[in-house]
Amino acid sequence: QVQLVESGGGLVPPGGSLRLSCAASGSIFRIDAMAWYRQAPRKERELVATISNSGVAKYGDSMQGRFTISRDNAKNTIYLQMNNMKFEDTAVYYCYAEVLAIGASSEYIAFNKWGQGTQVAVSS
């Protein structure tokens with residue numbers, strides 16, 4: 001089974017910084033695009049940032065200039081560096097990946113995978 005595990009969430013004051021990690025494990029041949037999403041209570045899930053296999057990053061409007069997404073393909077891991085955090089950044093942050101896995105008969109299997117989420121709270 002392929003799994004995505006997020007870590008690094010917690011409590012941070014306004015203006016502070018936090019770094020999230022998402023590590024993929026399992027019989028993985030290649031991970032293409034990966035992304036961070038977030039969801040606050042009673043709000044729609046929104047895209048935070050995406051990153052291609054080659055490292056091209058894109059960001060949601062409210063994250064531009066404050067957040068940085070990066071990846072380490074050798075570790076099948078992505079990161080989200082969050083700076084100058086605001087109250088509205090409070091949410092559960094989810095990792096997402098487009099995975100090409102290796103099946104039982106050594107075939108390739110393509111699918112999308114979500115992590116379990118990590119809580120981020122911005123509070124004074």
Side-chain angles (χ1 to χ4, degrees):
Q1 279 189 309
V2 174
Q3 291 185 308
L4 303 180
V5 179
E6 302 99 332
S7 62
L11 182 66
V12 63
S17 297
L18 208 59
R19 186 174 187 255
L20 305 182
S21 298
C22 172
S25 62
S27 299
I28 300 169
F29 176 75
R30 186 181 70 241
I31 300 179
D32 294 324
M34 297 186 76
W36 288 99
Y37 287 79
R38 70 185 185 187
Q39 188 166 19
R42 302 180 306 279
K43 294 185 178 180
E44 291 287 312
R45 182 183 65 188
E46 66 174 336
L47 178 67
V48 176
T50 63
I51 186 166
S52 72
N53 180 267
S54 61
V56 178
K58 302 187 74 174
Y59 301 91
D61 291 340
S62 64
M63 299 82 179
Q64 188 72 46
R66 300 189 298 121
F67 293 3
T68 302
I69 188 172
S70 60
R71 67 189 292 167
D72 184 340
N73 288 345
K75 297 180 179 179
N76 286 328
T77 299
I78 62 167
Y79 307 92
L80 183 68
Q81 179 66 48
M82 301 183 287
N83 298 324
N84 190 26
M85 298 187 70
K86 308 175 184 294
F87 289 116
E88 53 263 39
D89 294 326
T90 296
V92 177
Y93 285 69
Y94 295 94
C95 182
Y96 170 88
E98 298 174 352
V99 180
L100 189 62
I102 302 173
S105 300
S106 299
E107 76 277 23
Y108 297 133
I109 305 172
F111 58 93
N112 302 327
K113 187 71 176 180
W114 290 92
Q116 81 288 345
T118 184
Q119 178 70 59
V120 172
V122 182
S123 177
S124 59

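- Partner of N53 under the side chain to side chain contact (heavy atoms under 4.5 Å, CB included) criterion, out of R30, E98, M34: R30 alone.
- Note: Y37 and Y96 have perpendicular aromatic rings, judged against thresholds of 30 and 60 degrees for the angle between ring planes.
- For the pair C22/Y93, no side-chain contact is recorded, criterion being any heavy-atom separation below 4.5 Å from C-beta on.
- The closest side-chain heavy-atom distance from L20 to M82 is below 4.5 Å.
- At most 12 heavy atoms of other shown residues, nucleotides or ligands fall within 6.0 angstrom of atom CD in Q1.
- The aromatic rings of Y94 and W114 sit perpendicular to each other, their planes meeting at more than 60°, with 30° as the lower class boundary.
- Counting heavy atoms from C-beta on, the side chains of I78 and I31 never come closer than 4.5 Å.
- With respect to R38, the side chain to side chain contact (heavy atoms under 4.5 Å, CB included) criterion is satisfied by exactly one of L47, T118, V92, V48: V48.
- Between V99 and F29 the shortest side-chain heavy-atom distance does not fall below 4.5 Å.
- Counting heavy-atom neighbours within 6.0 Å of Y108 OH, excluding the residue itself, gives a total of 12 or less.
- With a 4.5 Å cut-off on side-chain heavy atoms, S123 and T90 do not count as touching.
- Put simply, the side chain of V122 does not reach to within 4.5 Å of the side chain of E88, judged on heavy atoms.
- Taking 4.5 Å as the limit, some side-chain heavy atom of Y79 sits within range of a side-chain heavy atom of D72.
- Summarising the local packing, CG of N112 is surrounded by more than 12 heavy atoms from other residues, nucleotides or ligands at distances under 6.0 Å.
- Side-chain contact between D89 and R66 is present, with at least one heavy-atom pair separated by less than 4.5 Å.
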